[in-house]
S.K.: 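The structure that follows is given in the form of structure tokens.
Convention: sequence-line order gives letters A, B, ...; per-chain numbering from 1. Values below: all heavy atoms of this structure, side chains included; hydrogens, waters and symmetry mates excluded.
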There are 2 protein chains.
Amino acid sequence: MGVDQPIVKDMPNYGGSLDRVFQALADGTRRAMVERLIRGPVSVSELARPLEMSLPAVMQHVQVLEACGLVRSEKIGRVRTCRIEPDVLRTAEDWLAEQRTSWERRLDRLGDYLLDDPGTPEQGSL
Amino acid sequence: MGVDQPIVKDMPNYGGSLDRVFQALADGTRRAMVERLIRGPVSVSELARPLEMSLPAVMQHVQVLEACGLVRSEKIGRVRTCRIEPDVLRTAEDWLAEQRTSWERRLDRLGDYLLDDPGTPEQGSL
DNA sequence: TCATTGGTTAAGGAAGCACTTGACTATGGG
DNA sequence: CCCATAGTCAAGTGCTTCCTTAACCAATGA
């Protein structure tokens with residue numbers, strides 16, 4: 001069970017969906033699928049071709065990717081074609097970027113502080 | 001078990017470490033810890049304070065974060081202080097950014113193609 | 001010295017995940 | 001019609017994850 005995200009003003013909510021996106025991306029097979037789908041839509045068996053695993057296994061990965069919104073698929077005739085849904089990828093990237101910029105802002109503040117008043121080290125800052 | 005990443009020239013390798021980073025970030029508790037640590041180094045029990053779980057559980061999360069290089073910690077006296085290691089965060093962000101830019105480049109190419117020669121829809125492009 | 005604070009270790013359990021096999025359905029070409 | 005192709009469903013297995021409790025150790029402050 002995750003944690004109750006503290007709802008902070010003016011911050012994106014990311015309501016629980018980050019769990020599933022990062023979880024989906026935590027598997028090399030699924031990342032390989034994403035990398036393939038980025039180059040264009042493709043059928044399930046085409047997705048499966050380079051992977052050394054059974055078709056049901058591939059299907060299950062596709063389902064994970066669909067469940068978190070990273071991929072959308074549609075069946076026409078007997079072939080299911082998968083395409084990527086870049087928005088969710090973006091959501092994950094945004095969270096990461098937000099952490100990085102927070103970090104950088106903090107470093108800046110720290111630098112300013114030390115320049116203004118050297119000799120008084122920040123609490124546990126380094 | 002993941003997949004053998006095809007080593008592509010001039011592409012970052014990310015050798016297997018992405019598995020562990022994304023896995024680490026797939027948990028709300030651990031993301032909350034990262035968000036806290038971004039604001040500055042902190043002890044384990046400080047990390048634990050807002051979380052409704054036992055200290056050993058918190059320790060285990062810290063260990064996961066350390067194992068993938070997201071966090072580094074050092075024990076002084078009886079208190080272990082954790083600090084964030086932003087490089088690995090960056091690695092994950094880079095992978096995401098790479099996918100996004102690939103996607104955008106593809107869209108551009110597609111746009112150009114359709115402008116040059118409308119009436120010949122790309123294979124499965126929409 | 002002795003209780004408290006801060007952390008660590010070990011063991012175990014419930015749930016989830018990645019994968020398999022086997023059986024089955026439906027589409028489409030010859 | 002027949003067979004191959006493309007996918008789907010169900011069940012099961014072994015491994016991992018998240019969390020718990022209980023016992024324990026080591027610094028610290030009164």
S.K.: Starting from P on C:dG28, measure out to CZ on A:R80 and report it in whole angstrom.
M.R.: 14 Å
S.K.: Strictly below 4.0 Å: does A:R78 bring a side-chain N or O up to OP1 or OP2 of C:dT25?
M.R.: no
S.K.: Starting at atom CG of A:D19, determine the distance to atom C1' of D:dC18, rounded to an integer number of angstrom.
M.R.: 13 Å
S.K.: So which one's nearest nucleotide on DNA chain D is more toward 5', A:E46 or B:I76?
M.R.: A:E46
S.K.: For A:R100, give me all partners under side-chain contact (heavy atoms from CB on, under 4.5 Å), at least two apart in sequence or on another chain.
M.R.: A:A97, A:E104, B:R90, B:E93
S.K.: Could you tell me the separation between the CG atom of B:L51 and the C1' atom of D:dT20, rounded to a whole number of Å?
M.R.: 16 Å
S.K.: So, do A:L37 and A:C82 sit near enough that their side-chain heavy atoms are less than 4.5 Å apart?
M.R.: yes
S.K.: Measure the distance from CG on B:D27 to C1' on C:dA15 and round it to the nearest whole Å.
M.R.: 14 Å
S.K.: Without swapping roles, check the side chain of B:R31 against the backbone of B:L25 for a donor-acceptor pair under 3.5 Å.
M.R.: yes
S.K.: Could you identify which residues of residues 56-70 of chain B place a heavy atom less than 4.0 Å from some atom of DNA chain D, listed by residue number, or say none?
M.R.: B:P56, B:A57, B:Q60, B:H61
S.K.: Nearest whole angstrom, please: distance from the P of C:dA18 to the CD of A:E52.
M.R.: 18 Å
S.K.: Take A:G77 and B:V44, find for each the nucleotide of DNA chain C with the closest heavy atom, and name the residue whose nucleotide sits nearer the 5' end.
M.R.: B:V44
S.K.: I need the minimum non-hydrogen distance between A:L89 and A:I38, along with the two atoms involved.
M.R.: CD2-CD1, 4.2 Å
S.K.: Rounded to the nearest angstrom, tell me the gap between atom CG in A:L55 and atom P in D:dA4.
M.R.: 17 Å
S.K.: Can you check whether B:S45 has a side-chain N or O nearer than 4.0 Å to OP1 or OP2 of C:dG7?
M.R.: yes
S.K.: Do A:L51 and A:V71 sit in the same hydrophobic cluster, where Ile, Leu, Val, Met, Phe, Trp and Tyr count as joined when their side-chain heavy atoms come under 4.5 Å apart?
M.R.: yes
S.K.: Write down the distance between CZ (B:F22) and P (C:dC17), rounded to a whole number of angstrom.
M.R.: 18 Å
S.K.: What's the CD-C1' distance between A:E74 and D:dA6, to the nearest Å?
M.R.: 16 Å
S.K.: For the residue pair A:W95 and B:L96, establish whether any side-chain heavy-atom pair is separated by less than 4.5 Å.
M.R.: no
S.K.: Less than 3.5 Å apart, which donor and acceptor atoms pair up between the side chains of residues 53-67 of chain B and the rest of the protein, not counting sequence neighbours?
M.R.:
from  : atom 1 : to    : atom 2 : distance (Å)
B:S54 : OG     : B:A57 : N      : 3.4
B:H61 : ND1    : B:R30 : NH1    : 3.1
B:E66 : OE1    : B:S73 : N      : 3.4
B:E66 : OE1    : B:S73 : OG     : 3.4
B:E66 : OE2    : B:S73 : OG     : 3.1

S.K.: Side-chain N or O of B:S54 versus OP1/OP2 of D:dC19: is the shortest distance under 4.0 Å?
M.R.: no
